[in-house]
Amino acid sequence: MVDWREIDAKWQRAWSEAKLFCAEPNGRPKFFITVAYPYVSGPMHIGHARTYTVPDVIARYKRMRGFNVLFPMAYHFTGTPLVGAAKRVKRRDPEFVRILTKVYGVREEDLPKFEDPRYFANYFARESELSYRKGMHLLGYSIDWRREFTTIDEAYSKFVTWQYHKLMDAGLVSKGKHPVKWCPSCGNPVTDHDLLEGEGVDINEFTLLKYRLGDYVLPAATLRPETVFGVTNLWLNPNVDYVVAEVDGEKWVVSKEAVEKLRNQGFKVGRVEKLRESLIGKDVEVPMTYKKVPILPAEFVDPKNASGVVGSVPSHAPYDYVALLELQRRPELLEPYGVDPERVRKIKPVSVIQLQGFGESPAIDVVEREGISDQRDPKLEDATSEVYLAEFSRGTMRDWIPKYAGMKVSIAKERVRGDLIAAGEGATMYEFSKKPVICRCGAECSVRLVEDQWFLNYSDEAWKEKARECLGRMHLVPPETRAQFEHTIEWLREWPCTRRIGMGTPAPWDPNWIIESLSDSTIYMAYYTISHILKEVDPAKLSDEVFDYVLLGEGDVESVSRSSGVELETLKRMREEAGYWYPLDYRMSASELIPNHLTFHIFHHVAIFPPDLWPRGIVSFGMVVLEGRKMSSSKGNIIPINDAIREYGADVVRLYLMSVAEPWQDLDWRTMEVDAMVRHLERFYSHAREVIELPKMERPELTLWDRWMLSRLQGHLREATEALEKFETRKALQHAFFLMLQDLRRYLGLARGESKAWVLKYVLDRWVRMLAPFVPHVCEEIWHQMGMEGFVSTAPWPEVESEYVDKEAEFVEEYLRSVIDDVRGILRATKMKAPRRACFYVAGGWRRDAYRKVLEQVRKGKVDLGALISWGREELDVPPEELAGFFKAAAKEVKRMPEGWVEVLSESDIGELEILTDARDFIRDQIGAERVDVFTMDDPRRYDPRGRAKLALPFRPAIYVE
RNA sequence: GCGGGGGUAGCCAAGUCAGGUCAAAGGCGCCAGACUCAAGAUCUGGUCCCGUAGGGGUUCGGGGGUUCAAAUCCCUCCCCCCGCACCA
């Protein structure tokens, strides 16, 4: 049993005392890596450990490769969840209090302190045993802790202020209205997360078309304003209560349900009274075309949807067509309203859109194809989507339509809408795409238009173009994420970047708003370069020109110093840091943040920094699950870092997290496997201890097995190095750890003699450095015990020494393995358990020369049996049948051999007989035989009762066991 | 629906881009043997099926195709995961 925690603590202390990871600009090449700072609303758990161990491993690796590495860390306090959490404490939410006290170890009497979101945040950021700072220390991260900060530090707010001034100046921030899902009972916007029902429901933008009837305005809601030219009538539902409401000074006729929505959506709604008369049968004037059309009854009209008033375009709307047909077929339906059936009969659909693959009226085509005749037929929904989608994407406006003729529907829709609104004949109304939408509190939600919201204009084409350019130059890990980034850049629209509540930086132009949390953490990587120096500066002095100078090199340092009051030397130091570290080499974060944070990070950099300071790479992570189940703090389904470290120590946790999955893959924490990892690491450590005890010696003559071990080491070293360059931690560990262990065991089984000690010491010296980025504490301990100077953490990464690459030795080992496998195959087939005797017969004589010919031919790529045989007949004194048999068998053997081996065999002279003879003891142990003999196939003294010797081929000895 | 990623032996997972060295690395689990008084640890071997001689058969989500040859290429279907905005 090794006390890992003691080793952990010892080396963590030593690193910290040596200030080993404090990074200062110097003459060496720099490597700057950051990972998204944690949002500190709960304890650090193993999921976070995964996220933060990856950059640490890379940072450590790069450091050993000679880079000056900066790996900083901070804490995200911005936003609403922490405020929400503090509120839950304040009202002593029993479940939340339970988690805090029972799970997170908060003392009952300390609860009042947690009513302050700052205290709450700080507790999990850096105060408690469960905090991120503590966890990261316990895991031995090579972070430059001097640069730590939180996003509500005053200096950080100044930095955000600077950023938003720049964005504002660049015209990338604007004010607007924005529809949100709104809970009337909570009085708050709600996100999908807050919903009981209606997750994923969209908000549709309806255009209200103002049909006029005397004083009255009938605002018919439509998703397709461009079809106004095809309106034949208006629909009202005869079973619905309509009201007359004063809206923006007009008298609107809408369903009763619509009134509250209008109020929520920025309309000035005055008096509302019941509509006493029935309007059905009267004529209204269509906006834009000024046609007079009748109001007709239709039951499909839903009072809960938008305004409850619907225009009828039978040519392009299946519902309208079917409803119209019904009225035409059954004139008696019109009787109660005194509508003249003759007039309705004469209504003809008016086609306004041309659509390939359909006739005059797509809606009619689809209704007829589906055989729909009732306006309550559920098939109408699908028919509607089909027609809408087809017309929107492929349709064009017909030639007779003024102004919009020939225009694509998708464009005409926006134009018509804009023109209607500009002319005062239209308005906008929002409605959910599906209902109901129910808040967690149980109330039904509605759409509310938030006024004065501030947006980042991600739809700005010039901005997008720069983002594309930046992305095009970036190194993305894994490369498959590129498509997703590209898609995100195209898809991103206006992003509301301010909020009313939560912690954070006030919007510089309007202190009633706070910069929203995703929007304040886009370029803070640059802040790390100076955050430690800023701690010495009065934040009040951090004017925009300070950041302009420090981060962008703009302005004159002396005048900046004069006007800001920041000391000249301090400014210069900061400028040096920023100039040295930027641009950022790699940004790391969860892949679920590609659609927002990671892409925002690109956008904001290109908006603020010149191209040579744009970020260079992004690594996206997969997620972590626990025993196959999603982690959830509220269900107690997490493992705090604290617990994991107490149980396993830092290195086991790190080793496990880095070895079970590549960073971008999902990772499943399984206790059973972590337990096994403990034993693996112990084996490594105890092996190292044994090697350290061995006597030191000069480099001896190397045996075959020594050469094999050294060659294998070079291979693993090369693979691990290549893998790390690609952030493939798992692959790197497969080689650097698991395969190394395996090979070492094999070597220990094969190697005899003096040279072993030297080889083992040589191997350990490289091995311990190869593992140092992954398991730094135990490696540091071993390094120290080996008597090495300094820290392994800053020792040079081992180089591949090609003089030790030995294909021949590797071939021989595989050869031996396959011979043993063959024997085992025989034993299994014959159900022999432990053979008394095993004999091997090695091919020799003319066969070896003939075999070379075969190798030659296989290398050339073509085996010509005829040519081989005629060569044999000339050169060898062997019966032709025997020759043919040999060549056939040998060609088959060689062809199924790995390519590399063919080369090795043709270029070297490997003594098969000698190898087998030397390895007799090893083979005997491996197959559990009492005795092993090796003969040449034509040795007259050979023991060969079954006459098997004649089956021997070069490198496929004949075998006899009994 | 849209965008992205996946489905490989009991489980996890490499291999797929550049078809043949693939019955398919490595880990976990399981089985057997060695060591041990014993357990654990460690070491060795086995772990798709069949086989009294190193061999054969059937596999890589389903189906079809290309090819001398397919886990790998093409088509098609089914299933799973992630994201889809005012939220970290």
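Per chain, numbering begins at 1; letters A, B, ... match sequence-line order. Model, not experiment: these values are computed from the prediction.
- A:Thr80 comes within 4.0 angstrom of the backbone, heavy atoms only, and of no base.
- A:Ile514 meets the side-chain contact (heavy atoms from CB on, under 4.5 Å) test with no other residue; sequence neighbours excluded.
- Using a 4.0 Å heavy-atom cutoff across all strands shown, A:Leu518 reaches at least one base atom of the nucleic acid.
- Within 4.0 Å of A:Arg745, counting heavy atoms only, lie sugar-phosphate atoms of the nucleic acid but no base atom.
- Summarising the base pairing, B:rG51 is matched to no nucleotide, lacking a Watson-Crick or G-U wobble pair whose two defining distances lie under 3.5 Å.
- Backbone-only contact: A:Leu739 has heavy atoms under 4.0 Å from sugar-phosphate atoms and none from a base.
- Salt-bridge check for A:Asp822 with A:Arg956: passed, with a basic side-chain N closer than 4.0 Å to an acidic carboxylate O.
- Within 4.0 Å (heavy atoms only), A:Arg683 reaches sugar-phosphate atoms of the nucleic acid but no base atom.
- B:rG83: Watson-Crick or G-U partner is B:rC2, with both key distances under 3.5 Å.
- Taking the P atoms as reference points, B:rG62 lies 13 Å from B:rG7, given to the whole Å.
- At a threshold of 4.0 angstrom between heavy atoms, the contacts of A:Arg824 are confined to the sugar-phosphate backbone, with no base atom among them.
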Pairs of donor and acceptor atoms involving the side chains of residues 730-737 of chain A, under 3.5 Å and at least two apart or interchain, shall be tabulated with distances.
unit_1	atom_1	unit_2	atom_2	d
A:Arg730	NH1	A:Ser659	O	3.4
A:His735	ND1	A:His716	ND1	3.1

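- Counting any heavy atom pair closer than 4.0 Å across all strands shown, A:His597 reaches no nucleic acid atom.
- Within 4.0 Å (heavy atoms only), A:Arg730 reaches at least one base atom of the nucleic acid.
- In this model, the phosphate group of B:rC82 is approached by a side-chain N or O of A:Lys630 to a distance below 4.0 Å at OP1 or OP2.
- If you check every strand for non-hydrogen atoms under 4.0 Å, A:Ala483 touches sugar and phosphate atoms only.
- Between A:Arg746 and A:Glu813, at least one side-chain N (NZ, or NE/NH1/NH2) sits under 4.0 Å from a carboxylate O, which counts as a salt bridge.
- In this structure, B:rC30 and B:rG46 make a Watson-Crick or G-U wobble pair, each of the two defining distances being under 3.5 angstrom.
- At a threshold of 4.0 angstrom between heavy atoms, the contacts of A:Ala661 with the nucleic acid are absent.
- Contact annotation for A:Gln742: backbone-only contact, meaning every heavy-atom pair under 4.0 Å involves sugar-phosphate atoms and none involves a base.
- Taking only side-chain atoms of A:Val961, from C-beta outward, the nucleotide of B:rA85, B:rA53, B:rG27 with the closest atom is B:rA53.
- Residue A:Pro479 is classed as having no contact, given no heavy-atom separation below 4.0 Å to the nucleic acid.
- Within 4.0 Å (heavy atoms only), A:Asn596 reaches at least one base atom of the nucleic acid.
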